[in-house]
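What follows is a single structure, written as structure tokens, with notes after it.
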Amino acid sequence: MRAHEAGALHAEGYGAPAWLALPRDPNELVPRLWSSGVARGPDGALTVAGLDVREIAREHGTPAYVLDEDDFRSRARDFATAFDAAFSDLCGGADVYYAGKAFLCTEVARWVAQEGLRLDTCTGTELAVALRAGLDPAAIGLHGNNKSRAELVRAVEAGIGRIVVDSLAEIDRLATVAEELGRVAPVLLRVTVGVEAHTHSYIATAHEDQKFGLSLSGGVAAEAVAKVLAHPSLRLLGLHSHIGSQIFDTSGFEVAARRVLGLHAQVQREHDVVLPELDLGGGFGVAYTTQHDPMPASELATGIADIVGKECADLGVEVPRVSVEPGRAIAGPTTFTLYEVGTVKDVGLDGGGLRRYVAVDGGMSDNIRTALYDADYSCTLAGRASDAPPVLSRLVGKHCESGDVVVKDEYLPGDVGAGDLVAVPGTGAYCRSMASNYNHVARPPVVAVRDGVARVVVRRETEEDLLALDVG
Ligand SMILES: *Cc1c(COP(=O)(O)O)cnc(C)c1O
């Protein structure tokens, strides 16, 4: 009987994207989509670091971001160790800055520091989180294409290790601030090298039509170098390049490194200044679905080290101290979002057939990436296993918007219904950090789990929190 419950929905692969295979067993977890501590327990429910998700849901409610602390620490450590090892012969090692915009709270900032990484921020408040976590200011960077004067003052007063300057106007702004405070501000110049990386490819263009950085073409970046060198209150550490996100190979970095090192060598020739540092940005990809197959940190590190070593040799310059800025690749896979299912609806499609909509108690307010970037995610039944045949399903939220989709396509067991728990993996980066209060929905907590114990590191917002802002 069960095999027929979903009727037309069982038509194999009906409406599914080409990459999504009908699973032999929809209960099976694809390891690269999940943090290392996630498993299916003896009675079929998911566990994280030994803790049953039903217990997390009971104690902390849903939706909740469930963060596997050991997995986060080990991904951070792997990046730090791999890059340091790969660059040790070239320039005595490399520095890894965790890109805090992926997900930041004081607890995570401390983990990052404890595992030997530094931290990138891109607003005054991200910087405030890092300082409140007790991080060494020298190990903090500040990005941003439109930093306010107050943000620059805060950064210079705190004595952070690098301010990544993004425009010609900002050079004078920062120089003035540093001079007023009687300090010398350490500067990296963000250069746009005309390389735009996408998931499986990159495009090299003469110039990039976007708001970030100082263009290499037309001599804007070279002008910025001369300007920084002329200001006694600024110290130029080096050049910075960030080419994109969700990148799966090193070909884009090869072109970017060649171009940015070209300017680095030009600075040495024309100004007789050896810039001590070079930052190649972040953007290393993660697996959101079975389509994605990311490189291990060690392979990325040796690939990038080979590229930098060869380019510097060709240019006849010493290899500067290299840094990189992974965000997603550290935070993304460490976390899944735990939801409770409410309404399940089978909707007739124009061309015939049906689509199953499984609605959960969150949505685009806790994961905007599907709506914003057309991102793909996967999901699984979390509170139990099921032997019901898989049905192609769409996981949607509770918001007043038809684009409120969390997972566009996934095979879920055909008997998923109200009260079931569903987990969406890969939500550690750019989900909580981009969460909104759309429809006056309170943002979910981040619950860190280690050794079978759950601990709230960001609490759930309450209705009182939201109403408190309304002072009318
Ligand atoms: C966003 C960003 C990163 C991190 O990107 P990921 O895709 O999360 O690795 C690093 N550097 C800069 C300058 C960024 O803007």
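Bear in mind the structure is a predicted one, so any value in this text is a computation, not a measurement. Position 1 is the first residue of the sequence, and the numbers go up from there. Counting starts at 1 for both ligands and their atoms, in listed order.
With a 4.0 Å heavy-atom cut-off, ligand 1 is reached by no atom of Ala102.
Atoms of ligand 1 lying under 4.0 Å from any heavy atom of Gly327, numbered from 1 in the order shown and given with element: 6 (P), 8 (O), 9 (O). Taking a cut-off of under 4.0 Å to the non-hydrogen atoms of His143, the atoms of ligand 1 that pass are 13 (C). Distances below 4.0 Å separate heavy atoms of Arg190 from the following atoms of ligand 1: 13 (C).
Checked against side chain to side chain contact (heavy atoms under 4.5 Å, CB included), Pro232 has no partners two or more places apart in sequence or in another chain.
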Using the side-chain hydrogen bond (donor to acceptor under 3.5 Å, both in side chains) rule, take Glu107 and Trp111 through it: C-alpha gap first, then chi angles, then the decisive distance, then the call.
CA-CA 6 Å; Glu107 190 63 14; Trp111 299 349; 3.1 Å; yes

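Checked by distance only, ligand 1 and Glu325 come closer than 3.5 Å through their nitrogen or oxygen atoms. An N or O contact shorter than 3.5 Å links Arg328 to ligand 1 by distance. Considering backbone and side-chain N/O atoms, Gly283 comes within less than 3.5 Å of an N/O atom of ligand 1. Backbone and side-chain nitrogen or oxygen atoms of Asp120 are examined, and none is located within less than 3.5 angstrom of a nitrogen or oxygen of ligand 1. Of the N or O atoms in Pro326, none lie within a sub-3.5 Å distance of an N or O in ligand 1. No N or O atom of His240 sits closer than 3.5 Å to an N or O atom of ligand 1.
Side-chain atoms of His399 and Ser365 include a donor-acceptor pair closer than 3.5 Å. No side-chain donor-acceptor contact under 3.5 Å links His242 and Asp279. If you check the side chains of Asp95 and Ser323, you find no donor sitting under 3.5 Å from an acceptor.
In terms of protein heavy-atom proximity, atom 7 (O) of ligand 1 is closest to Ser245 OG, 2.8 Å. For atom 8 (O) of ligand 1, the closest heavy atom belonging to the protein is Tyr430 OH, 2.6 Å. Counting only heavy atoms of the protein, atom 15 (O) of ligand 1 lies nearest to Lys101 NZ, 2.6 Å.
Arg459 has its side chain within reach of Asp465: a pair of non-hydrogen atoms, C-beta onward, lies under 4.5 Å apart. Between Val406 and Tyr377, every side-chain heavy-atom pair lies at or beyond the 4.5 Å cut-off.
By the 6.0 Å and 45° rule, Arg321 does not stack over the aromatic ring of Phe87.
Summarising the local packing, CD of Glu318 is surrounded by 12 or fewer heavy atoms from other residues, nucleotides or ligands at distances under 6.0 Å.
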